Amino acid sequence: MGSKRKIFELLALKEKLERNSHFKKAKAITQEIMRNNELKEKLLEIVKEDKGNKISMTALQLKSKKFYNLKIQEQIIASENKNIFLEKESSQIQKKIAYKQQKMKTSIEKASYHKKIEKENSEKKELLSYPSLNKSFNN
């Protein structure tokens with residue numbers, strides 16, 4: 001019986017380790033989402049500042065400005081796509097964390113159940129090991 005309790009305790013420990021590794025992944029994804037959002041905000045600020053400038057330009061300057069605006073817009077779109085992908089990843093990791101947490105909880109409950117059974121069995125054996133008082137008086 002002791003082996004079942006130990007197995008469930010080890011299983012709970014394994015689930016806890018896996019859950020913790022998912023926590024690390026979730027933290028990294030969250031940090032990446034924050035960096036991505038900061039980059040997107042900076043790009044949007046650059047676009048706003050550029051729209052405010054109404055200076056006369058040469059054809060080469062205008063062509064250069066359009067080229068850089070196009071590159072900035074591409075970066076904004078890439079940032080939005082990356083954010084969508086990271087949000088999906090974050091959601092999946094959160095589901096994995098919840099699943100591992102539930103499995104860990106179940107294993108701990110089963111381990112405590114088997115520990116309780118072991119304790120009851122050892123108490124029974126201890127009570128049975130004492131000689132009966134009635135038997136000793138009859139002899």
Side-chain angles (χ1 to χ4, degrees):
M1 270 302 178
S3 63
K4 281 188 179 182
R5 177 183 56 88
K6 193 68 173 170
I7 288 171
F8 285 117
E9 287 174 351
L10 291 173
L11 184 60
L13 186 59
K14 177 187 168 217
E15 298 299 334
K16 183 178 181 180
L17 289 173
E18 289 177 3
R19 183 199 65 182
N20 289 345
S21 72
H22 289 307
F23 273 136
K24 288 179 184 177
K25 289 177 187 176
K27 184 178 178 183
I29 289 173
T30 303
Q31 289 174 345
E32 186 63 29
I33 288 172
M34 288 172 44
R35 280 195 299 268
N36 191 42
N37 287 337
E38 289 173 7
L39 175 66
K40 183 180 170 187
E41 287 175 18
K42 288 178 184 177
L43 291 170
L44 290 173
E45 284 179 24
I46 291 171
V47 169
K48 280 183 185 178
E49 288 175 6
D50 198 34
K51 285 184 180 179
N53 294 337
K54 299 285 183 186
I55 319 169
S56 60
M57 294 184 210
T58 64
L60 186 58
Q61 289 173 331
L62 187 59
K63 185 177 179 181
S64 173
K65 182 179 175 181
K66 289 294 180 186
F67 174 78
Y68 286 117
N69 277 339
L70 181 63
K71 290 295 179 186
I72 290 172
Q73 291 301 324
E74 286 175 358
Q75 288 294 317
I76 290 172
I77 291 170
S79 177
E80 289 171 350
N81 290 339
K82 185 175 182 181
N83 201 20
I84 291 169
F85 171 76
L86 289 172
E87 290 293 335
K88 286 179 184 177
E89 281 291 311
S90 179
S91 174
Q92 289 175 352
I93 293 287
Q94 292 301 325
K95 286 178 185 176
K96 287 179 183 178
I97 289 171
Y99 177 72
K100 293 297 179 183
Q101 178 69 25
Q102 186 62 33
K103 282 186 77 171
M104 185 180 80
K105 182 180 173 186
T106 303
S107 295
I108 289 171
E109 288 172 355
K110 287 181 180 180
S112 66
Y113 171 75
H114 286 289
K115 184 176 182 180
K116 180 182 169 188
I117 289 175
E118 286 175 16
K119 185 177 179 183
E120 288 173 357
N121 285 342
S122 67
E123 286 174 356
K124 276 184 186 177
K125 284 182 183 179
E126 188 177 329
L127 287 175
L128 291 175
S129 69
Y130 294 127
S132 176
L133 292 178
N134 292 336
K135 286 184 180 179
S136 62
F137 285 122
N138 290 336
N139 289 334

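Note that the structure is a prediction, hence the values are computed from the model and not measured. The basis for the numbers below is simple: all heavy atoms, side chains too, and nothing from hydrogens, waters or symmetry mates.
- Annotation for K42: atom NZ does not count as buried by contact number, only 12 or fewer foreign heavy atoms lying within 6.0 Å.
- Under a 4.0 Å N-O distance rule, the pair E9/R5 qualifies as a salt bridge.
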N/O donor-acceptor pairs under 3.5 Å from side chains in residues 86-104, not counting sequence neighbours:
from, atom 1, to, atom 2, distance (Å)
K100, NZ, E15, OE1, 3.4
K100, NZ, E18, OE1, 2.4
Q101, OE1, R19, NH1, 2.4

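- Partners of N81 by side chain to side chain donor-acceptor pair (under 3.5 Å), not counting sequence neighbours: none found.
- For residues 105-117, no residue pair satisfies the salt bridge (charged side-chain N to carboxylate O under 4.0 Å, His left out) rule, not counting sequence neighbours.
- Hydrophobic clustering, with ILVMFWY side chains joined whenever heavy atoms are under 4.5 angstrom apart, keeps L11 apart from I108.
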Exercise for review: Dump the intermediate steps for side-chain contact (heavy atoms from CB on, under 4.5 Å) on L44 and K40, then the final yes or no.
Suggested key: CA-CA 6 Å; L44 290 173; K40 183 180 170 187; 4.3 Å; yes
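- For the ring pair (Phe, Tyr, Trp, His ring centres under 6.0 Å) condition, the pairs that include at least one residue of residues 8-60, sequence neighbours left out, are F8-H114.
- Note: the hydrophobic cluster containing L39 also contains I46 (ILVMFWY, side chain heavy atoms under 4.5 Å, direct or indirect links).
- Side-chain contact check for E32 versus I29: every heavy-atom pair is 4.5 Å or farther apart.
- Evaluation of the side chain to side chain donor-acceptor pair (under 3.5 Å) rule for S79 yields N36 as partners, not counting sequence neighbours.
- Residue pairs meeting the side chain to side chain donor-acceptor pair (under 3.5 Å) criterion with at least one member in residues 66-77, sequence neighbours excluded: D50-N69.
- The closest side-chain heavy-atom distance from V47 to I76 is below 4.5 Å.
- Going from atom OG of S3 over to atom CD of E118 covers 8.0 Å, rounded to the nearest 0.5 Å.
- No donor-acceptor distance shorter than 3.5 angstrom exists from the side chain of Q31 to the backbone of A28, with no hydrogens or angles considered.
- Note that CD of E80 is 10.0 Å distant from CG of N37, once rounded to the nearest 0.5 Å.
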